[in-house]
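None of the values given here were measured: they were computed from a predicted structure.
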Amino acid sequence: MTDRTIQDVGGDGDVIRTFPFPVDLSVCGVGMQVGPMDTDHTWHADAPLNRVHRIDFHVVMLFSGGPVRHMIDFAEYEANAGDVLWIRPGQVHRFSRLDEYHGTVLTMQPGFLPRATVEATGLYRYDLPPLLHPDEPRLAALRASLGQLRREYEDSTTLPLSLHTSVLRHSLTAFLLRLAHLAASSAEAARQQADTTFTLFRDAVEKGFATNHSVSAYADALGYSRRTLVRAVRAATGETPKGFIDKRVVLEAKRLLAHTDLPIGRVGAAVGFPDAANFSKFFQQHTDVTPAGFRAELR
C-alpha cells in the first residue's frame, strides 16, 4: 500500500505521512468500512496510530467507553461513552493507547458518495467541531442508524455488488445526515455560549479595566477557565483577552490625554498604572508614541 508524505511545518526535517483509504480491508472492496473499535480490528494496516499522521478519508468514532484522549490538528479532545469524534481528510491526528478505544468506527473514502450528498452532509465543513456530545434521543438515533449501516455493510451475500453498494450509500447518507445535523447544532450552541461568555467578559472589562488588567482574574470572577475565555474572545473579536483589555485601557488613556488637562501620571493612575514610567512604557508599546507626544499631536 502506498502513502504520500507532506513536509512537517514544524521545521524539524521530519515528515507527516498521509495514508490513503485502505480499500483492500473493506468488505467487497467498497469505499467504506464500519465495525468494532478495538485492538483486534484494524482500520488501516500501515498507519502508525500512536504517532502524528494524516489520512485522506473520513473517520467517525462512536464511543461506548472512555475517557479517551485524541489529538486532532494539535488540539487535545477527551471523548467519553456516547461521544462522537469526526476526523476529516487531511487533518493531522494521533491516537492514544489503542486498548482505550471501544465502540464503533466508520471510515469512508472521498468520492464514495455523490457530490449532492457531500454538500448536504457537510463532509468538508472543517469549521464544525470534531468532538460531538449527542443527547440521549440523538445518540439513540445515531446508534440505530449506524447499526443498520453496519448490518448492510456486513451482508455481502444477499445482493449483487452494485445493489449492495447502492444500499450502503443510502444507509451511509442517512447516518451522515443525522451526524451533520448534530455537528451543525453543536457548532451553533458553541457559538451562542461563546457569545454569552464574551458578552460577560466585555461587560466585566468595561467595569474593571481601570484597576484590573489580569485575564486570570476576569476568568476566575466569571467562573470560566482561562482557555474557555480565550476561545470565546478570539471567536468574537479575533483577539486574545489580554489584547482586548489592553485596547480598552489604551482607548481610555487616549480619551483622558485628549480631552482633559490631567498630568500624565494621573492619567496613568486612572487606568491602572500607579507608576508613571510603567504607564508611558505601556502606552508607547501599543501606540508607538509617548503619552506626551500623543497629547501634543492633538493640540
- prompt: Can you list the steps and then say if Leu123 with Trp86 is a side-chain contact (heavy atoms from CB on, under 4.5 Å)?
  reply: CA-CA 10 Å; Leu123 287 183; Trp86 187 351; 3.7 Å; yes

*Yes or no on side-chain contact (heavy atoms from CB on, under 4.5 Å) for Leu172 and Phe112, after CA distance, side-chain angles and deciding distance?*
CA-CA 10 Å; Leu172 177 59; Phe112 183 66; 3.7 Å; yes

| Could you go step by step and tell me if Val34 and Val105 meet the side-chain contact (heavy atoms from CB on, under 4.5 Å) rule? | CA-CA 6 Å; Val34 59; Val105 59; over 6 Å; no

Report the C-alpha distance between Phe63 and Met37 in whole Å, list the side-chain angles of each, state the deciding distance to 0.1 Å, and finish with yes or no for side-chain contact (heavy atoms from CB on, under 4.5 Å).
CA-CA 8 Å; Phe63 289 88; Met37 181 167 50; 3.9 Å; yes

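A salt bridge does not link Glu206 with Arg202: none of the charged nitrogens is closer than 4.0 Å to a carboxylate oxygen. Taking 4.0 Å as the cut-off between side-chain N and carboxylate O, Lys242 and Asp246 count as a salt-bridged pair. With respect to Arg94 and Glu76, a salt bridge is recorded, a charged nitrogen being found less than 4.0 Å from a carboxylate O. Between Glu239 and Lys247 there is a salt bridge, since a side-chain N of the basic residue sits under 4.0 Å from a carboxylate O of the acidic one.
Aromatic ring centroids of Phe244 and Phe201 lie under 6.0 Å apart. Between His93 and Tyr77, the distance separating the two ring centers is not shorter than 6.0 angstrom. Taking the ring centroids of His213 and Phe209, they lie at or beyond the 6.0 Å cut-off.
Residues Phe273 and Leu251 are members of separate hydrophobic clusters, defined by side-chain heavy-atom contacts under 4.5 angstrom among Ile, Leu, Val, Met, Phe, Trp and Tyr. Phe175 and Tyr124 end up in the same hydrophobic cluster when Ile, Leu, Val, Met, Phe, Trp and Tyr side chains are linked at under 4.5 Å. Tracing side-chain contacts under 4.5 Å through hydrophobic residues (I, L, V, M, F, W, Y), one never reaches Leu146 starting from Val167; they form parts of separate clusters. Hydrophobic clustering, with ILVMFWY side chains joined whenever heavy atoms are under 4.5 angstrom apart, groups Val250 together with Val289.
Checked by atom type, the side-chain pair His70/Tyr101 shows a donor-acceptor distance below 3.5 Å. There is a side-chain donor-acceptor pair under 3.5 Å between Ser225 and Thr228. Residues Gln91 and Arg88 bring no donor and acceptor atom of their side chains to less than 3.5 Å of each other. In the model, Arg69 has no side-chain atom that pairs as donor or acceptor with a side-chain atom of Ser96 under 3.5 Å.
In plain terms, the two heavy atoms of Ile245 and Asn212 that are nearest each other are CG2-O, 4.2 Å. Pairing each heavy atom of Arg54 with each of Gly90, the nearest pair is NH1-O, 3.0 Å. For the residue pair Ser171 and Glu152, the shortest heavy atom distance occurs at OG-CG, 3.8 Å. Leu229 and Thr197 make their closest contact through CD1-CG2, 3.9 Å (heavy atoms, listed as atom of the first residue, atom of the second, distance). For Ser280 against Ile264, the heavy-atom pair with the smallest separation is OG-CG2, 4.3 Å. Closest approach of Leu132 and Pro134 over heavy atoms only: O-CD, 3.4 Å.
Between Leu168 and Val30, some side-chain heavy-atom pair lies under the 4.5 Å cut-off. The shortest distance between side-chain heavy atoms of Arg143 and Thr104 does not fall below 4.5 Å. Considering only heavy atoms from C-beta on, Leu257 comes within 4.5 Å of Phe283 through its side chain. You'll find the side chain of Val59 stays beyond 4.5 Å of the side chain of Leu106, heavy atoms only. With contacts defined as side-chain heavy-atom distances shorter than 4.5 Å, the pair Val92/Ile72 does not qualify. Contact annotation: the side chain of Leu131 never approaches that of Val84 to less than 4.5 Å [non-hydrogen atoms, C-beta and beyond]. Proximity of Arg226 to Asp220: side-chain heavy atoms (C-beta onward) are nowhere separated by under 4.5 Å. Between Ser26 and Met32, the closest side-chain pair of non-hydrogen atoms is not below 4.5 Å.
Leu139 contributes atom CG, which lies 6.0 Å from atom CG of Leu62 (distance to the nearest 0.5 angstrom). Put simply, NE2 on His58 and CG on Leu179 are 10.5 Å apart, with the number rounded to the nearest 0.5 Å. For the atom pair CD of Glu154 and CG of Leu149, the computed distance is 9.5 Å after rounding to the nearest 0.5 Å. Of the inter-residue distances, the one linking Leu182 atom CG with Leu176 atom CG reads 12.0 Å to the nearest 0.5 angstrom. To the nearest 0.5 Å, atoms CG (Leu113) and CD (Glu119) are separated by 12.0 Å. Arg151 contributes atom CZ, which lies 11.0 Å from atom CG of Asp155 (distance to the nearest 0.5 angstrom).
Listed by chain and number, the hydrophobic cluster partners of Val230 come to none, as no ILVMFWY side chain reaches under 4.5 Å of it.
Within 6.0 Å of atom CZ in Arg178, 12 or fewer heavy atoms from other residues, nucleotides or ligands are found, so the atom counts as exposed in its surroundings. Annotation for Arg266: atom CZ does not count as buried by contact number, only 12 or fewer foreign heavy atoms lying within 6.0 Å. Environment of CD in Glu136: sparse, with no more than 12 heavy atoms of neighbouring residues, nucleotides or ligands closer than 6.0 Å.
Listed for the Thr165 side chain is a donor-acceptor partner under 3.5 Å among the backbone atoms of Leu161. Between the side chain of Asn278 and the backbone N or O of Asp275 there is no donor-acceptor pair closer than 3.5 Å.
Phe57 and Phe21 have perpendicular rings, their planes meeting at more than 60° on a 0 to 90° scale where under 30° would count as parallel.
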